[in-house]
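Reading through the structure tokens given below for one structure.
By convention in this document, chain letters (A, B, ...) are assigned in the order of the sequence lines, proteins followed by strands, and residues within each chain are numbered from 1.
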There are 2 protein chains.
Amino acid sequence: MALDHALLVSLLEKPSSGYELARRFDSSIGYFWHATHQQIYRVLARMEASGWISGEVQAGETAPDRKVFSVTGPGREELSRWLGQPAEPDGVRDTLMVKLRGAAFDDPARLLPEFERHRAAHADRLSRYRAIESRDFAGAQSASPAMPSSGAQGASPGVDGRRSASPATQSDSTVTLERQQALQHLVLKSGIRYEQAWLEWCEESMSLLRSFNQSQSTRTTP
Amino acid sequence: MALDHALLVSLLEKPSSGYELARRFDSSIGYFWHATHQQIYRVLARMEASGWISGEVQAGETAPDRKVFSVTGPGREELSRWLGQPAEPDGVRDTLMVKLRGAAFDDPARLLPEFERHRAAHADRLSRYRAIESRDFAGAQSASPAMPSSGAQGASPGVDGRRSASPATQSDSTVTLERQQALQHLVLKSGIRYEQAWLEWCEESMSLLRSFNQSQSTRTTP
DNA sequence: GGTTGCAATGCAACTGGTTGCATAGTATCC
DNA sequence: GGATACTATGCAACCAGTTGCATTGCAACC
């Protein structure tokens with residue numbers, strides 16, 4: 001499984017409590033790997049048991065206690081091992097595709113509201129990515145071709161771009177910040193490309209669905 | 001869950017046995033929704049129990065017996081209900097992203113072989129999609145911008161494009177073939193766009209990784 | 001001073017998905 | 001005629017992921 005390793009990476013970038021990680025997974029890393037707090041707590045417990053991470057309880061004076069985890073030597077080794085190990089490309093799983101094909105046996109135009117919603121959600125993600133990019137990776141922006149890009153420029157949440165990495169607390173420090181940044185930028189750019197492609201496709205799909213709506217709008221329910 | 005509905009759609013497109021579905025899920029539908037034969041058999045059993053599908057055993061004379069399932073009235077209703085119901089956009093889950101971020105704490109160049117493999121896999125998918133498109137949707141091809149697009153033009157497997165749909169056996173037949181085809185084409189186009197975007201991003205990533213390789217190649221293992 | 005709300009952690013039960021194994025017939029290869 | 005491979009189905013055990021609920025502590029609201 002890769003949640004373990006996603007958490008290891010996250011903890012290397014910044015030692016954190018379970019709660020913090022869960023919030024981080026709602027933004028930054030969570031854009032390409034999601035997990036609930038439940039799952040995170042369980043995996044953290046497991047990893048602590050196997051010695052990959054160690055937790056230290058910080059008694060909060062003005063806040064509840066929190067258990068902050070950081071990666072141990074064995075944890076780093078495990079990560080390194082995992083990195084070197086080949087893995088199958090992950091398949092895509094998009095429910096909308098199933099719905100599209102299913103719509104052939106129903107009224108396709110009924111899907112329009114659903115597409116509308118998804119378009120909004122993806123447009124929102126895209127604009128958040130762009131905001132992060134211009135905040136944390138200014139100077140090397142992704143090219144942005146002419147795109148509709150509706151509203152939604154809400155302030156991006158606590159994403160850990162530039163300011164995240166623990167300064168040099170980590171014992172060995174070959175970990176140059178530039179390197180880390182460049183890699184994080186790549187990940188972000190993948191998200192941007194993905195959302196762009198998705199939105200273009202969405203526009204195309206919606207036109208088609210609309211055209212169905214106008215011509216033959218038979219069958220409301222079988 | 002959506003596997004149930006993916007199977008319903010698949011069975012509407014063509015009544016099939018579990019085995020057949022499993023093979024279909026290795027190609028066509030499986031490009032955007034994967035499942036093992038185990039899972040498929042289990043879900044089929046469950047759906048038969050709830051009356052969404054009904055199976056008929058065909059004693060094979062020259063081959064082993066097979067149980068062919070087709071969608072019932074209640075099954076169609078369930079599909080229709082599901083189609084009308086809003087769903088959250090599915091999140092992306094790509095292990096490579098985790099690895100990229102993790103690579104900052106290891107030697108990033110070690111990821112190159114992995115990227116090479118993934119590039120090959122994605123390039124392969126893309127060319128299979130294109131093959132299907134020109135076979136089944138000739139005349140309305142996707143625009144193909146200048147792309148490296150390595151070799152691998154292997155014959156596409158038994159994907160159900162044009163020839164799939166059961167002619168008019170289905171009781172009601174408002175289901176025009178053109179409509180079904182257009183929707184299937186959309187799904188395919190989404191796959192094409194996705195793979196294109198992925199490959200472009202992959203090239204960019206590999207250049208960066210290579211540049212790391214040349215400059216500072218410190219740290220082989222921590 | 002009770003209510004609402006958020007930070008922080010966790011248990012328990014369930015569902016979805018994976019892995020490993022078992023079986024049985026048919027076809028083909030050498 | 002025995003080995004190998006593919007069609008076709010399924011059980012059992014396990015692991016990953018989700019959902020629902022419970023608790024404690026602090027802060028702020030009115």
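In this structure, Q58(A) atom CD and dT9(C) atom C1' are separated by 15 Å, rounded to whole Å. The CD atom of Q39(B) sits 14 Å away from the C1' atom of dC14(D) (whole-angstrom rounding). Atom pair L3(A):CG and dC15(D):P shows a separation of 16 Å (rounding to whole Å applied). Atom CD1 in I40(A) sits about 11 Å away from atom P in dG17(D), given to the nearest Å. Going from atom CZ of F25(B) over to atom P of dT18(C) covers 12 Å, rounded to whole Å. A straight line from CZ of R66(A) to P of dC6(C) spans 19 Å, rounded to a whole angstrom. With rounding to whole Å, K67(B) atom NZ is found 11 Å from dG10(D) atom C1'. Atom CG in D90(B) sits roughly 15 Å away from atom P in dG17(D) (whole-Å rounding).
Ring orientation note: the planes of W52(B) and H5(B) are tilted relative to one another, at an angle of 30° to 60°. Between F115(A) and W201(A), the ring planes are tilted. Angles from 30° to 60° get that label. Using a 30° and 60° split on the angle between ring planes, H122(B) and W198(B) fall in the parallel class, below 30°.
Nucleotide dG25(C) forms a Watson-Crick or G-U wobble pair with dC6(D), both donor-acceptor distances falling under 3.5 Å.
Phosphate proximity of dC6(D) to R23(B): absent, as no side-chain N or O sits under 4.0 Å from OP1 or OP2. Between S17(B) and dT9(D) there is a side-chain polar atom (N or O) within less than 4.0 angstrom of OP1 or OP2. OP1 and OP2 of dG10(D) both lie 4.0 Å or more from every side-chain N or O belonging to Y41(B). Neither OP1 nor OP2 of dT19(D) sits under 4.0 Å from any side-chain N or O of T36(A).
Of the candidate nucleotides dT9(C), dC11(C), dT19(C), dC11(C) has the atom lying nearest to any side-chain atom of Q38(A). You'll find that the side chain of Y19(B) is closest to dT9(D), out of dT9(C), dG17(D), dT9(D).
Atom OG of residue S70(A) and atom CD1 of residue I53(A) lie 8.5 Å apart, to the nearest 0.5 angstrom.
With hydrogens and angles left out, the side chain of R42(A) and the base of dG17(D) share a donor-acceptor pair within 3.5 Å.
F25(A) has its side chain within reach of S10(A): a pair of non-hydrogen atoms, C-beta onward, lies under 4.5 Å apart.
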